[in-house]
Amino acid sequence: MNRFELRLVAWEMTRACNLACVHCRAGACSDPEPDQLSFEEGKALIDGIAKVGKPIFIMTGGEPLLRPDFFDLARHAVKAGLRAVLATNGVLVDRDKAREIAAVGIPRVSISLDGPTPETHDAFRKVPGAFEASLRGIENLRSAGVGVQINTTLTKRNRDQLSRVMKLAEDIGAVAFHVFLLVPTGRARDMAGEEMDPAEYEESLVEFYRLSKTSRLETKATCAPQYYRILRQQAKSEGIEVTDQTFGLNARTRGCLGGLSFVFVSHKGELQPCGYFDVQAGSVREAEFSDLWENAELFKNLRKFSLLEGKCGKCDYLRFCGGCRARAYEHTGRYMSEDPYCAYNPPALQSR
């Protein structure tokens, strides 16, 4: 098995959006960018991905449902053998759209709720009524038989509401709950002061671990590679023997997957390790997707763990974590430098 098998692809189908979220990675706008991939280019991208493997294909944005050709592209992805899923804010998901999403063959839709109340969520989204509209979209999807995943981005302003948002996800019938840790890129650069410090980061992930143990939801931490260290540390402290199969993990499960088994494709066809990692490996307008995935220097570097700098390079949890390369790049301009938001001090450095 290829150690760096492609397992996840996210395509930013458009930067157009009907909301104006303060933490938007893309700095999305009301109208589509003129250089976004066309319908034919989108089909070619899907075909190129299918030649490499059959990964989960995340159709995201902006708001992907604003593309008039969304359902045609979704059908093409499903026909190509990709496991197409949708990331939307849910506001546009009326009953008809929910039924069409189900009919196309999209098994799961992720919708972000950044607080348990309209006051918190709508303050993030900058549109009054966004919270209630998203809840209606979730109900429409559930009625159509589509699984719903709730995503929550944690910052200083809402970290104390984590348990309440997770309880809400359970109450509204979600099947999964994924927590994201803010990465200050795009419009979110203006929120740099709301990013948690390393200690708060650690505390929030420990709380998420404890909440996950008693939840019926499928849970995952994203943009939080240290969670895979914390998970093992907490389990060990409880006398649980952690193997590659514990908690549904396998030998390929790792914190940072950017460039290893995950790739992000921008609205204009540029490949990046993830949506928060603003370094391009090349464009599908100039090269084959497979060639970029397999041979781009950026991805080759990320796959050489020996190039990791600072405490990330000396960490005993390197295989499970890897640090956030996007945060390292934003902080230092070097994507292989140590993650500035990690509170852990590896044993290899403690004697110094």
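Computed over heavy atoms, backbone and side chain alike; hydrogens, waters and symmetry mates excluded. What you see is a predicted model; the values in this text were computed from it and never measured.
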Exercise. How about Pro55 and Leu82: do any of their side-chain heavy atoms sit closer than 4.5 Å?
Worked result: yes
Problem set entry | Over all atoms of both residues, closest heavy-atom pair of Ser112 and Arg125 | CB-NH2, 3.0 Å
For this session: Would you give the length of the straight line joining atom NZ of Lys79 to atom CG of Asp47, rounded to the nearest 0.5 angstrom?
Result: 10.0 Å
Seminar exercise, completed: Taking every heavy atom of Ala169 against every heavy atom of Leu217, the minimum-distance pair comes out as CB-CD1, 3.9 Å
Exercise. Hey, is NZ on Lys156 packed in by over 12 heavy atoms from elsewhere, all under 6.0 Å?
Worked result: yes
For this session: Only counting residues at least two apart or in another chain, list the ones meeting side chain to side chain contact (heavy atoms under 4.5 Å, CB included) with Leu292.
Result: Leu271, Val284, Ala287
Exercise. Has Arg7 got its NZ or CZ under 6.0 Å from the middle of the six-membered ring of Trp293, at an angle within 45 degrees of the ring axis?
Worked result: no
Problem set entry | With Glu238 via salt bridge (Lys or Arg N to Asp or Glu O under 4.0 Å) - residues at least two apart | Lys213
Problem set entry | Closest non-hydrogen atom pair, Cys223 against Leu181 | O-CB, 3.5 Å
Problem set entry | Working for side-chain contact (heavy atoms from CB on, under 4.5 Å), residues Thr332 and Glu309 | CA-CA 12 Å; Thr332 68; Glu309 302 170 10; over 6 Å; no
Exercise. Does Asp72 come within less than 4.0 Å of Arg75, counting only side-chain N to carboxylate O?
Worked result: yes
Exercise. Going by heavy atoms in the side chains, are Arg210 and Val206 under 4.5 Å from each other?
Worked result: yes
For this session: Please list, chain by chain and in numerical order, all residues satisfying ring pair (Phe, Tyr, Trp, His ring centres under 6.0 Å) with Tyr344, sequence neighbours excluded.
Result: Tyr317
Problem set entry | Donor-acceptor contact below 3.5 Å, side chain Asn158 vs main chain Thr155 | yes
Exercise. Judged by atom type as modelled, is there a donor-acceptor pair below 3.5 Å linking the side chain of Lys43 to the main-chain atoms of Ser38?
Worked result: no
Seminar exercise, completed: Here the gap from Leu45 atom CG to Glu40 atom CD, rounded to the nearest 0.5 Å, amounts to 12.5 Å
Seminar exercise, completed: Of Phe124, Phe131, Phe180, the one forming a side-chain contact (heavy atoms from CB on, under 4.5 Å) with Asp114 is Phe124
Exercise. Does the side chain of Phe70 come within less than 4.5 Å of Met59's, by heavy atoms?
Worked result: yes
For this session: Mark yes or no for whether Gln36, through its side chain, and His267, through its backbone, hold a donor-acceptor pair below 3.5 Å.
Result: no
Problem set entry | Residue Lys54 excluded, over 12 heavy atoms near NZ under 6.0 Å | yes
Exercise. Is there a donor-acceptor contact under 3.5 Å from the side chain of Ser215 to the main chain of Ser212?
Worked result: no
Problem set entry | Audit row: Glu63, Thr88, side chain to side chain donor-acceptor pair (under 3.5 Å) steps and yes/no | CA-CA 6 Å; Glu63 175 48 65; Thr88 172; 2.8 Å; yes
Problem set entry | Validation row: Leu86, Ser110 side chains within 4.5 angstrom (heavy atoms) | no
Exercise. What heavy-atom pair brings Ser204 and Leu154 nearest, and what distance separates the two atoms?
Worked result: CB-CD1, 4.2 Å
For this session: Can you tell me which residue pairs pass the ring-ring contact (aromatic ring centres under 6.0 Å, His included) test with a partner in residues 71-102, sequence neighbours excluded?
Result: none
Problem set entry | Contact summary for Leu349 and Asn345, nearest pair of heavy atoms | CB-OD1, 3.8 Å
Problem set entry | side chain to side chain contact (heavy atoms under 4.5 Å, CB included) against Ala10, all qualifying residues, sequence neighbours excluded | Ile58, Thr60, Phe262, Phe264
Exercise. Do any N or O atoms from the side chain of Arg67 and from the backbone of Ala16 form a donor-acceptor pair under 3.5 angstrom?
Worked result: no
Problem set entry | salt bridge (Lys or Arg N to Asp or Glu O under 4.0 Å) involving Glu202 - partner list, sequence neighbours excluded | Arg229
For this session: Apply the test side-chain contact (heavy atoms from CB on, under 4.5 Å) to residues Phe305 and Leu260: give CA-CA distance (whole Å), side-chain angles for both, the deciding distance (0.1 Å), then the verdict.
Result: CA-CA 11 Å; Phe305 301 160; Leu260 309 183; 4.0 Å; yes
For this session: Mind telling me whether Tyr329 and Tyr335 have parallel, tilted or perpendicular rings, with 30° and 60° as the class edges?
Result: tilted
Exercise. Angle class for the Tyr227/Phe208 ring planes (parallel below 30°, perpendicular above 60°, tilted otherwise)?
Worked result: tilted
Exercise. When rounded to the nearest 0.5 angstrom, what is the spacing between CG in Asp339 and SG in Cys256?
Worked result: 9.0 Å
Exercise. Just wondering, do Val175 and Glu218 contact through their side chains at under 4.5 Å, heavy atoms?
Worked result: no
For this session: Would you sort out whether Arg325 and Met336 count as a side-chain contact (heavy atoms from CB on, under 4.5 Å), showing the intermediate values?
Result: CA-CA 6 Å; Arg325 300 298 98 220; Met336 299 303 279; 4.3 Å; yes
Problem set entry | Minimum heavy-atom distance between Arg285 and Lys268, given as atom pair plus value | NH1-O, 3.6 Å
Exercise. Could you give the distance from CZ (Phe57) to CG (Leu73), rounded to the nearest 0.5 Å?
Worked result: 8.0 Å
Exercise. Can you name the residues that form a side chain to side chain contact (heavy atoms under 4.5 Å, CB included) with Lys167, not counting sequence neighbours?
Worked result: Glu170, Asp171
Exercise. Taking side chain as C-beta onward, heavy atoms only, is Arg327 less than 4.5 Å from Cys342?
Worked result: no
Problem set entry | Side-chain (Ser261) to main-chain (Glu5) donor-acceptor, under 3.5 angstrom | no
Without placing hydrogens or testing angles, list every side-chain donor-acceptor pair under 3.5 Å for residues 95-105, not counting sequence neighbours.
residue, atom, partner, partner atom, Å
Asp96, OD1, Arg99, NH2, 2.6

Problem set entry | Lys300: side chain to side chain contact (heavy atoms under 4.5 Å, CB included) partners, not counting sequence neighbours | Asn295
For this session: Quick one: pull up OG in Ser337 and CG in Leu308 and give me the separation to the nearest 0.5 Å.
Result: 9.5 Å
Exercise. Under the ring pair (Phe, Tyr, Trp, His ring centres under 6.0 Å) test, which residues partner Tyr201, sequence neighbours left out?
Worked result: none
Exercise. In chain order, what residues pass the salt bridge (Lys or Arg N to Asp or Glu O under 4.0 Å) check against Glu270, with sequence neighbours excluded?
Worked result: none
Exercise. Under the side-chain contact (heavy atoms from CB on, under 4.5 Å) criterion, do Ile138 and Ile150 qualify, and how do the steps go?
Worked result: CA-CA 9 Å; Ile138 291 166; Ile150 300 302; 3.7 Å; yes
Exercise. Can you tell if the side chain of Ser266 reaches within under 4.5 Å of the side chain of Glu12, non-hydrogen atoms only?
Worked result: yes
Exercise. Does the Ser134 side chain pair with the main chain of Asn89, one donor and one acceptor, at a distance under 3.5 Å?
Worked result: yes
For this session: State, with a plain yes or no, whether a side-chain heavy atom of Pro32 is found less than 4.5 Å away from one of Leu66.
Result: no
Seminar exercise, completed: CD1 of Ile172 to CZ of Arg142, rounded to nearest 0.5 Å, is 8.0 Å
For this session: Not counting sequence neighbours, which residues clear salt bridge (Lys or Arg N to Asp or Glu O under 4.0 Å) with Asp291? List them please.
Result: none
